[in-house]
Protein chains: 2
Amino acid sequence: MFKKEEIESYLKLAISLAEKGRGYTKTNPLVGCVIVKDKKIIATGYHKRYGDIHAEVAAIKKVKDKNLLKGASLFVTLEPCCHYGKTPPCTKAIIESGIKEVYCGIYDPNPIVNKKGVAILKENNIKVYVGFLEAEIKRQNEVYFKYVKEKKPFVIAKVAITLDGKMATLDGDSQWITDERLRKEANRLRCYCDAVLCGINTIIKDNPLLTCRVLKNKKIKKIILDPYLKIEKDFNIFKEDSVIIFYHKEEKRKIKELEKIGVELIRLELKDDFFDWQAILAKLYEKEIASLLIEGGAKTISSALKAKVVDKIFLFYAPKIMGKGLAFANGLHYNLKNLLKIKDFKINCFKEGFIFEGYPVYV
Amino acid sequence: MFKKEEIESYLKLAISLAEKGRGYTKTNPLVGCVIVKDKKIIATGYHKRYGDIHAEVAAIKKVKDKNLLKGASLFVTLEPCCHYGKTPPCTKAIIESGIKEVYCGIYDPNPIVNKKGVAILKENNIKVYVGFLEAEIKRQNEVYFKYVKEKKPFVIAKVAITLDGKMATLDGDSQWITDERLRKEANRLRCYCDAVLCGINTIIKDNPLLTCRVLKNKKIKKIILDPYLKIEKDFNIFKEDSVIIFYHKEEKRKIKELEKIGVELIRLELKDDFFDWQAILAKLYEKEIASLLIEGGAKTISSALKAKVVDKIFLFYAPKIMGKGLAFANGLHYNLKNLLKIKDFKINCFKEGFIFEGYPVYV
């Protein structure tokens, strides 16, 4: 057996490889793999995109001389799968390869795999060790954990604000609070998600494209909350990728018009003039959307925070002060003893501003 | 002559020594000094507190065997002084010591010393080199530069806010937005200044002590803007250290009462129901206050930013969202193209929050 530091060092490499799949794996986890023989790395692999081969198989395939695999050690961030999905089970490939031992970061939380993958390997006389860098790997796969365990998309809220928390002027002008560099990072965040969601007011005000520009060949689903179907079919949003509209009021003519250009429409009830976020998330889960990015505006983001559905929040700060303006959390109201806390926060600094990210703690 | 990297490395040590005087040097600069002989550091010194010996003399004094100083090299962040102030000139001590060469970070901006200190050393056959780590040393002495060159105190504004820029609830409750750890850092910032300023509303609302707790033996002047003399003599503010009140309305009885407990009162005219900041700063310059910290409230800070007198701003962020509340820059109003930019910003992260600091760019 390897020493803990060696195992962690191989798994750290596997984690960084796994990261390369971010934005492409949809409902699948991010997984990285390293194969070691005689203390040398003989192959690496990661899960590149949904439907593609898994990290373990990618690494095994890279070894040309199959004899090298006999007696080798495999390091993988997540428990190998043992079921036929889009591809054959990884356990099969590992067993057939002659690999003698497997180090897994964590068990797969998916009940189809959970502990079963490890059990099959053990039954086939492969030594298996589980439980390394668990916090880091779980965080890397926070989307997958939420999706698989709670059967809901992982919800991220993102706003671009000034130092004094304003996302737009009093006239609603918000283009642009942050500069190009930070907007590129915001687009990267969008690229990492399966779907992006906006309220109809933002769509009407800014007429955005809501496309992915930073990641190549990345398509995204665009979700619009439009209770009274105020949207028009010539809006920019319909130019690329597919659109889903949540609506309430039956506007037969508008519905027909939108369906004709390929828009998917989902009718939901209204509660206090807003949709029930749990109903929205249930519908998006059905559509296999694992990660959802809420981009605005103030009303939509406030309502999502109020409904306690935001799992993670990103605040893109411009190093500027606005004074009077539209505060991003305008629709919320907490007293001093019960402010909405953001835990495990991290700050990413740029010359042009900084990005705050963290996890709301609801009480 | 030493190589540039060696000079910078000695001066970096001198800068870090100089930093130890922060909070105690009043109208004097922060200065650090290192003496090197045969490539070995034989002594170090820094200016500890206003009125005390200067860095160069402190270092020279530490060398017991005075023969060691002959032919030695002296590294000092700021040009040695050449005038009799609270202490004899440093140039005299250097010349008498037998030191052969002096490396200065920057020239002293004070006209009494500027380039004259260097000239005197050169006249006495000491080699002098000037101009190393200039940006860093100027920044370390930004207070001194402002005070000496512009004959005004360096003005710092500080607020504790939530992520959405709120400094108090709608009821004015602000105790506390940030937690103890960040409040300790805020107190450290106060300790670094010569005076702290608050508007009367904050004094009435919070009845603060406004004392220095983090630095030992540090006294601070407390400045209150109280146009209509609403203050009462039993407020906490009068318990420690000295208080200066700027007022407008002649309230003979109150004035007599306050003067009796040792409060200094300065009468100023009002313009649009507020004092002229330039008049306040001129008065504080007369009182030899080199650095002024404005701590609140929203009205006072907004008016100082509006008057373009804030040189540096510190935002202490709690990782929390308030929603509706009192925004710290409430009294300001910029349009999207002309937001108040903060340049050269830095972020200091703690587990309990983060501190943003930077320099407003007025247009």
Side-chain angles (χ1 to χ4, degrees), chain A residues 157 159 161-177 179 298 301-302 305-306 310 313 315 317-325 327-354 356 358-361, chain B residues 157 159 161-177 179 298 301-302 305-306 310 313 315 317-325 327-354 356 358-361:
Chain A
V159 269
I161 51 177
T162 57
L163 295 169
D164 49 334
K166 304 300 161 68
M167 67 187 295
T169 63
L170 290 176
D171 315 330
D173 198 1
S174 66
Q175 286 178 328
W176 300 102
I177 296 285
D179 94 328
I301 288 185
S302 287
L305 284 167
K306 212 170 183 171
V310 175
I313 190 162
L315 305 175
Y317 281 97
K320 296 171 188 170
I321 292 171
M322 185 183 288
K324 289 188 200 347
F328 89 88
N330 231 6
L332 297 168
H333 195 182
Y334 300 95
N335 66 47
L336 203 55
K337 297 278 166 278
N338 295 304
L339 300 179
L340 178 59
K341 257 184 110 167
I342 311 294
K343 71 169 181 179
D344 297 343
F345 70 86
K346 236 175 60 177
I347 290 175
N348 205 348
C349 247
F350 297 83
K351 215 180 127 273
E352 300 84 356
F354 63 98
F356 171 98
Y359 304 84
V361 184
Chain B
V159 269
I161 51 178
T162 58
L163 296 169
D164 49 335
K166 304 300 162 67
M167 67 188 294
T169 62
L170 290 176
D171 315 330
D173 198 1
S174 66
Q175 284 177 332
W176 300 103
I177 296 286
D179 92 329
I301 287 184
S302 287
L305 285 166
K306 213 171 185 172
V310 176
I313 190 163
L315 305 175
Y317 281 97
K320 297 171 187 169
I321 292 171
M322 185 183 289
K324 289 189 203 343
F328 89 87
N330 230 5
L332 297 168
H333 195 184
Y334 301 95
N335 67 48
L336 202 55
K337 298 279 166 275
N338 295 305
L339 300 178
L340 178 59
K341 257 184 109 165
I342 311 294
K343 72 169 182 179
D344 297 344
F345 70 85
K346 238 175 59 179
I347 290 174
N348 206 347
C349 246
F350 297 83
K351 216 179 125 270
E352 301 84 357
F354 61 98
F356 171 98
Y359 304 83
V361 184

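We use all heavy atoms of the structure for the numbers below, so side chains are in, but hydrogens, waters and symmetry mates are not. Proteins come first, then strands; the chains are lettered A, B, ... in the order of their sequence lines, and each starts at number 1.
Taking the side chain as every heavy atom from C-beta outward, F345(A) and Y317(B) never approach each other to under 4.5 Å. Side-chain contact between L336(A) and M322(B): present, with at least one pair of heavy atoms (C-beta onward) separated by less than 4.5 Å. Using a 4.5 Å heavy-atom threshold, the side chains of I321(A) and I342(B) count as touching.
Heavy atoms closer than 4.5 Å to chain A are found in the backbone of K351(B), but not in its side chain. Contact of D173(A) with chain B is made through backbone and side chain together, with heavy-atom distances under 4.5 Å. In this structure, the portion of K166(B) lying under 4.5 Å from any heavy atom of chain A is its side chain and not its backbone. Residue K343(A): no heavy atom, backbone or side chain, is found under 4.5 Å from chain B.
Other residues, nucleotides and ligands contribute over 12 non-hydrogen atoms within 6.0 Å of the NZ atom of K324(B).
A side-chain contact (heavy atoms from CB on, under 4.5 Å) with L339(B) is found for one member of T169(A), D164(A), L163(A), T162(A) and no other, namely T162(A).
How far CG of L170(A) is from CG of N335(B): 11.5 Å, rounded to the nearest 0.5 Å.
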